[in-house]
2 protein chains.
Amino acid sequence: MQHITYETLNKSEEIFRALADRTRIRIIRLLLHSSDACVSELMDALRLPQYSISRHLSILRHAGLVDERREGIWKYYYLVAKPPGFTEHLMEAIRSGINEKLLETDLDLFARRLGLRVDGKCVVGSEGL
Amino acid sequence: MQHITYETLNKSEEIFRALADRTRIRIIRLLLHSSDACVSELMDALRLPQYSISRHLSILRHAGLVDERREGIWKYYYLVAKPPGFTEHLMEAIRSGINEKLLETDLDLFARRLGLRVDGKCVVGSEGL
DNA sequence: ATGTTATATGCTGCATATTGCATATAATAA
DNA sequence: TTATTATATGCAATATGCAGCATATAACAT
């Protein structure tokens with residue numbers, strides 16, 4: 001993905017390509033469990049470097065699956081709310097996806113990391129949980 | 001895809017990768033409209049060379065999305081029936097996918113090509129409709 | 001056996017995707 | 001201003017995916 005210099009990559013095709021990566025699926029699964037998450041929180045939950053999280057979020061954003069909101073120094077990413085249809089079915093698929101222990105660990109770490117919020121806001125950078 | 005020398009490509013990941021290609025989505029959309037199709041029929045509907053159709057079918061088969069049945073010289077490919085869940089949601093997504101004129105043309109040619117069957121069986125090779 | 005038809009696959013080259021490192025940007029605070 | 005923290009991105013190296021051509025396999029017919 002990254003930069004879509006592809007010919008005429010239509011929307012659904014771009015979305016399928018955005019989903020064809022384990023890290024991005026892991027990110028989406030986390031976002032399905034929280035109203036939002038900032039980059040540091042995803043770093044801790046997935047144990048991946050900052051540039052990796054940022055890059056994958058950028059791809060998901062270009063595909064229209066997530067959006068962002070800046071709050072001071074932090075950026076919160078969240079799943080774009082869609083009317084029932086194409087994207088909703090995909091999210092349903094991911095929700096009912098085959099369970100992996102990797103993803104279970106992700107959710108555990110994510111929950112712990114979200115526990116560090118104060119008043120629902122992210123207040124610390126990556127802790128390397 | 002092709003040869004899965006990937007690390008540990010789990011099932012859902014392999015499926016998402018299988019869907020990250022326009023030709024394979026086109027094939028699935030056709031199969032959603034017919035109980036089966038042989039390679040020649042897909043060649044005519046999608047106007048693609050035989051090796052391309054065979055390759056993509058092979059990838060879909062490894063992902064567990066389609067299966068095949070040989071009848072004499074022909075091989076019939078069909079969507080694997082799944083219990084409601086992951087794959088079913090994906091098929092729903094593809095069904096409700098954004099319409100493209102390309103896909104409309106596919107369906108027209110596919111219908112014409114299926115019209116050449118005799119007793120529900122494929123009896124001619126690629127006609128280049 | 002040979003020939004014909006339908007389908008599969010090995011190989012190469014090209015296009016694209018992902019990673020890792022380093023650096024850049026943006027917002028805040030002193 | 002500078003410093004600090006959070007996030008983004010340019011670049012090069014590597015990995016992966018796909019198209020095209022040629023060839024192989026499989027089933028059937030003669």
Side-chain angles (χ1 to χ4, degrees), chain A residues 1-7 9 13-14 16-27 36-44 46-63 66 68-77 113 116 121-128, chain B residues 1-7 9 13-14 16-27 36-44 46-63 66 68-77 113 116 121-128:
Chain A
M1 290 292 284
Q2 215 79 337
H3 295 300
I4 315 295
T5 44
Y6 233 65
E7 296 200 29
L9 204 51
E13 199 174 347
E14 188 174 357
F16 275 126
R17 283 179 181 254
L19 297 179
D21 179 275
R22 169 179 302 183
T23 300
R24 297 196 285 271
I25 292 292
R26 289 169 75 196
I27 290 175
D36 52 36
C38 63
V39 177
S40 306
E41 291 170 333
L42 295 172
M43 287 168 67
D44 281 350
L46 303 185
R47 291 140 292 162
L48 287 172
Q50 178 266 320
Y51 63 78
S52 175
I53 302 291
S54 282
R55 280 260 162 68
H56 287 297
L57 283 171
S58 163
I59 290 168
L60 291 173
R61 203 167 86 84
H62 276 95
V66 307
E68 56 171 79
R69 168 183 78 251
R70 184 182 273 282
E71 285 195 21
I73 236 132
W74 283 277
K75 267 192 180 174
Y76 292 89
Y77 283 84
R113 174 63 222 228
L116 301 183
K121 305 287 180 190
C122 182
V123 294
V124 292
S126 172
E127 301 270 294
Chain B
M1 293 293 282
Q2 216 82 334
H3 295 299
I4 315 295
T5 43
Y6 232 66
E7 296 199 30
L9 203 52
E13 196 175 347
E14 189 174 357
F16 275 125
R17 286 185 177 253
L19 297 179
D21 179 275
R22 169 180 301 182
T23 300
R24 296 195 286 270
I25 293 292
R26 289 169 74 197
I27 289 175
D36 53 36
C38 63
V39 177
S40 305
E41 290 170 333
L42 295 172
M43 288 169 65
D44 281 350
L46 304 184
R47 290 141 291 163
L48 287 173
Q50 178 266 320
Y51 63 78
S52 175
I53 301 291
S54 283
R55 278 263 161 67
H56 287 297
L57 283 172
S58 164
I59 290 170
L60 291 173
R61 203 166 87 82
H62 275 95
V66 308
E68 54 168 89
R69 170 184 76 250
R70 184 184 272 281
E71 287 194 21
I73 236 131
W74 284 278
K75 267 191 179 175
Y76 291 89
Y77 283 85
R113 174 62 222 227
L116 300 183
K121 304 287 179 189
C122 182
V123 294
V124 290
S126 171
E127 301 270 295

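Just so we're on the same page: letters track the sequence lines, and every chain starts at 1.
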### Query
What heavy-atom pair brings B:A18 and B:R24 nearest, and what distance separates the two atoms?
O-NE, 2.7 Å
Strictly under 3.5 Å: I want the nitrogen or oxygen pairs between protein and nucleotides 4-9 of chain D, one per line.
from, atom 1, to, atom 2, distance (Å)
D:dA6, OP1, A:G125, N, 2.7
D:dT7, OP1, A:V39, N, 3.4
D:dT7, OP2, A:S40, N, 3.0
D:dT7, OP2, A:S40, OG, 2.4
D:dA8, OP1, A:K75, NZ, 3.3
D:dA8, OP1, A:Y77, OH, 2.2
D:dA8, OP2, A:S54, OG, 2.7
D:dA8, N7, A:Q50, OE1, 3.4
D:dA8, N7, A:Q50, NE2, 2.5
D:dA8, N6, A:Q50, OE1, 3.1

### Task
Taking all heavy atoms of B:L46 and all of B:R26, pick out the closest pair and write down the distance.
O-NH2, 3.3 Å
### Summary
When rounded to whole Å, the CG to C1' distance for the pair B:L19 and D:dG17 reads 15 Å
## Note on the structure
Taken to the nearest whole Å, CG/B:L48 to C1'/D:dC18 is 12 Å
### Residue mapping more 5' on DNA chain C - nearest nucleotide basis, A:G72 or A:A20
A:A20
### Task
Please report, rounded to the nearest Å, how far the P atom of C:dT5 is from the CD atom of B:E127.
13 Å
#### Entry: Bend angle of the helix from C:dA1-D:dT30 to C:dA30-D:dT1, from helix axes over five pairs at each end, nearest 10°
10°
### B:H56 side chain near D:dG17 phosphate (N/O to OP1/OP2, under 4.0 Å)
no
### Query
Sequence neighbours excluded, which residues qualify as salt bridge (charged side-chain N to carboxylate O under 4.0 Å, His left out) partners of A:R69?
A:D36, A:E71
### Query
So which heavy atom on B:L57 is nearest to which on B:V66, and how close?
O-CG2, 4.0 Å
### Message
Rounded to whole Å, how long is the line connecting atom CD1 of B:I27 with atom P of D:dC18?
### Response
11 Å
### Query
With a 4.5 Å heavy-atom cut-off, do B:S40 and B:V124 have their side chains touching?
no
### Query
Between B:R113 (CZ) and C:dA6 (C1'), how many Å, whole number?
11 Å
#### Entry: Pairing of B:E68 and B:R61 as salt bridge, 4.0 angstrom limit
yes
### Task
Considering non-hydrogen atoms only, spot the tightest contact between A:S126 and A:R113 and give its length.
CA-NH1, 3.8 Å
### Query
Starting at CZ of B:R22 and ending at C1' of D:dG17, how long is that distance when rounded to a whole Å?
16 Å
### Message
Just so I know, are the side chains of B:K121 and B:Y76 near enough to count as touching, which here means a heavy-atom distance under 4.5 Å?
### Response
yes
### Message
Could you walk me through whether B:L116 and B:V123 satisfy the side chain to side chain contact (heavy atoms under 4.5 Å, CB included) test, starting with their C-alpha distance in whole Å, then the side-chain angles of each, then the deciding distance to 0.1 Å, before giving a yes or no?
### Response
CA-CA 8 Å; B:L116 300 183; B:V123 294; 5.9 Å; no
